[in-house]
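Input: a single structure, listed below in structure tokens.
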Protein chains: 2
Amino acid sequence: MSTDDGSPAGEGGAPRLGRRPSTTQAELSHVALTLFAERGFDDTTVDDIAAAAGIGRRTFFRYFASKNDLPWGDFDAQLDRMRAYLDSLPDDLPLMDAVCASVIEFNRIPPEEVPWHRQRMRLLLGVPALLAHSTLRFQAWRDVVAEYAARRLGVPADSLEPQALAWTMLGIALAAYEQWLVHEDADLTELLESALRMLGERFAS
Amino acid sequence: MSTDDGSPAGEGGAPRLGRRPSTTQAELSHVALTLFAERGFDDTTVDDIAAAAGIGRRTFFRYFASKNDLPWGDFDAQLDRMRAYLDSLPDDLPLMDAVCASVIEFNRIPPEEVPWHRQRMRLLLGVPALLAHSTLRFQAWRDVVAEYAARRLGVPADSLEPQALAWTMLGIALAAYEQWLVHEDADLTELLESALRMLGERFAS
DNA sequence: CTTCCATTCGGCACTGGGTGCCATTAGTAT
DNA sequence: ATACTAATGGCACCCAGTGCCGAATGGAAG
């Protein structure tokens, strides 16, 4: 995914060589999300999406490796943002504080994008096929957390402690998301904070 | 899954009426696991499995809803075991102790089944398609934990606290499993214990 | 033994996601 | 105009999964 498919039609700098891409991931994603909202995920075929976007079915699969990837946009860019945030934190900040802060920061969303993001997440966590596929994305997210924790702890990234920490953080975040989707008026940041706080209290026993 | 597909060929009680099933989930699962070990999951088609088991492709899908379900056996029975174990614990045992104990108990495996279980889990966590599909099974597991926690806490099962706890426990268990798969000589119970212990220490900060 | 009924089997055709191949199209540079 | 580059999209193909329906297999009732 990410932007290595050479598609950012328009600016970028490179004077373009060869035929220009006829669309973008973002546009395809948008078209698809609209269709999903109308007919539902399962009742929307890739042909429908390609037709609605005015491209061939074969071309669709050059922009997205699978139908399941549509709601994700370019997650890799988000991961880079998270990595950068973690690296910007001072090393004397306790590990748990750093990780908790980054989870909160990663999931901070501008108010105007809340409805949009809500729809995306409702899809991702509500449609079984998408929830299953999401696991693979979450794995990449966990790796970011685990690598940071491993560096701070001075242990390999694939050892128990960073991995367990990363899994835990993912779990907490998803539990908060589920609440957020159910309660229309809830604030995601607050939910994340209380989930994290709860974890600390519960384990203090 | 479970046993509602009416296939437990042999005993059961009901004197059988109509044609008898020509195989069982267990046998199919066994045949499939063997093929997976030889050729790999992705390079084994459903036709291969059906042929190896001596049944028609169409019949295969009456025993398993999908190819992805093959390595799972009857997970529902395991979940019932877990529920029963949780219910058997005294109510004055602190919640966290109860949950931790049940995670450990759920993943206790007889020594003779270790190699078998290892292969199954290596498949489930190593093949992307299976890992993704597993999410749906893990959801059922999480529900068991969340329902118990909710009862102990006197809150709805879909509220934040039980859900976050369940997610966390799943994460810890999976982190331990990953270590177990990497280290051939490791003991799963010990890994689970140290992962749980670590979580407590880390959050005590 | 024959008839009836229940249940499983499995072939066939079809949908839908995903891929490899390759000619075509649309651009830039010379 | 020519050459080169990169994206497009049609076509054929593979595989998972489903609906339909007739055929096979068994027990029970006549």
Side-chain angles (χ1 to χ4, degrees), chain A residues 1 3-25 27-28 32 35-36 39-72 127-130 132-133 136, chain B residues 1 3-25 27-28 32 35-36 39-72 127-130 132-133 136:
Chain A
M1 279 318 82
T3 40
D4 53 51
D5 318 28
S7 325
E11 28 288 299
R16 289 268 89 244
L17 186 59
R19 181 174 181 168
R20 249 157 316 192
S22 51
T23 184
T24 58
Q25 291 114 298
E27 186 165 326
L28 271 183
L35 289 180
F36 292 162
R39 289 180 243 174
F41 181 81
D42 291 326
D43 290 335
T44 305
T45 69
V46 170
D47 294 80
D48 293 337
I49 300 165
I55 63 172
R57 164 196 173 73
R58 190 62 186 82
T59 301
F60 169 87
F61 284 107
R62 289 211 181 80
Y63 285 85
F64 286 93
S66 85
K67 182 185 170 186
N68 291 331
D69 285 318
L70 279 166
W72 281 96
V127 176
L130 290 178
H133 185 75
L136 307 177
Chain B
M1 282 313 86
T3 42
D4 52 51
D5 318 24
S7 325
E11 27 289 298
R16 288 266 90 246
L17 186 58
R19 181 175 181 167
R20 250 158 315 190
S22 52
T23 185
T24 58
Q25 289 116 297
E27 186 164 328
L28 271 184
L35 289 180
F36 292 162
R39 289 180 243 174
F41 181 81
D42 291 327
D43 290 335
T44 306
T45 69
V46 171
D47 294 80
D48 293 337
I49 301 165
I55 62 172
R57 164 195 172 72
R58 189 62 186 81
T59 302
F60 169 87
F61 284 108
R62 290 212 180 80
Y63 285 85
F64 285 94
S66 86
K67 182 185 170 187
N68 291 331
D69 285 319
L70 279 166
W72 280 97
V127 176
L130 289 177
H133 185 75
L136 308 177

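Convention: sequence-line order gives letters A, B, ...; per-chain numbering from 1.
- Nearest heavy-atom pair across Ala53(B) and Leu28(B) is CB-CD2, 3.4 Å.
- Judged by atom type and distance alone, Arg57(A) does not reach the base of dG16(C) through any side-chain donor-acceptor pair under 3.5 Å.
- Minimum atom distance to the side chain of Pro21(B) is reached by dT8(C), of the listed dA7(D), dG17(C), dT8(C).
- Of all non-hydrogen atoms in Phe41(B) and Ala129(B), the two that sit nearest each other are CE2-CB, 4.4 Å.
- Of all the heavy atoms in Lys67(B) and Thr44(B), the pair that sits closest is NZ-O, 2.7 Å.
- With rounding to whole Å, Leu17(B) atom CG is found 5 Å from dA6(C) atom C1'.
- At a cut-off of 3.5 angstrom, the base of dT8(D) holds no donor-acceptor pair with the side chain of Arg19(A).
- An OP1 or OP2 oxygen of dA16(D) is reached within less than 4.0 angstrom by no side-chain nitrogen or oxygen of Ser66(B).
- Of all heavy-atom pairs spanning Pro128(A) and Leu136(B), the tightest one is O-CD2, 3.9 Å.
- Look at CZ on Arg58(A): it is 12 Å from C1' on dC13(D), rounded to the nearest Å.
- As a whole-Å value, the separation of Phe61(B) CZ from dT18(D) P is 7 Å.
- Of the side-chain N and O atoms in Tyr63(B), none sit less than 4.0 angstrom from OP1 or OP2 of dT8(C).
- Rounded to an integer number of Å, the gap from CG of Asn68(B) to P of dA16(D) is 10 Å.
- Residue Thr59(B) has a polar side-chain atom (N or O) positioned under 4.0 Å from OP1 or OP2 of dG10(C).
- As a whole-Å value, the separation of Phe60(A) CZ from dT8(D) C1' is 15 Å.
- The distance from atom CD1 of Ile49(B) to atom P of dG17(D) is 10 Å, rounded to the nearest whole Å.
- Note that the OG1 atom of Thr23(B) and the CZ atom of Arg62(B) stand 14.0 Å from one another [nearest 0.5 Å].
- Across all strands shown, Gly18(B) has heavy atoms under 4.0 Å from base atoms, whether or not it also approaches the sugar-phosphate.
- Distance CG (Asp48(B)) to C1' (dC14(D)): 12 Å, rounded to an integer number of Å.
- If you measure from atom CG of Asp42(A) to atom C1' of dA16(D), you get 15 Å, rounded to the nearest angstrom.
- Nearest-nucleotide mapping onto DNA chain D: of Asp47(B) and Ile55(A), the residue sitting toward the 5' end is Ile55(A).
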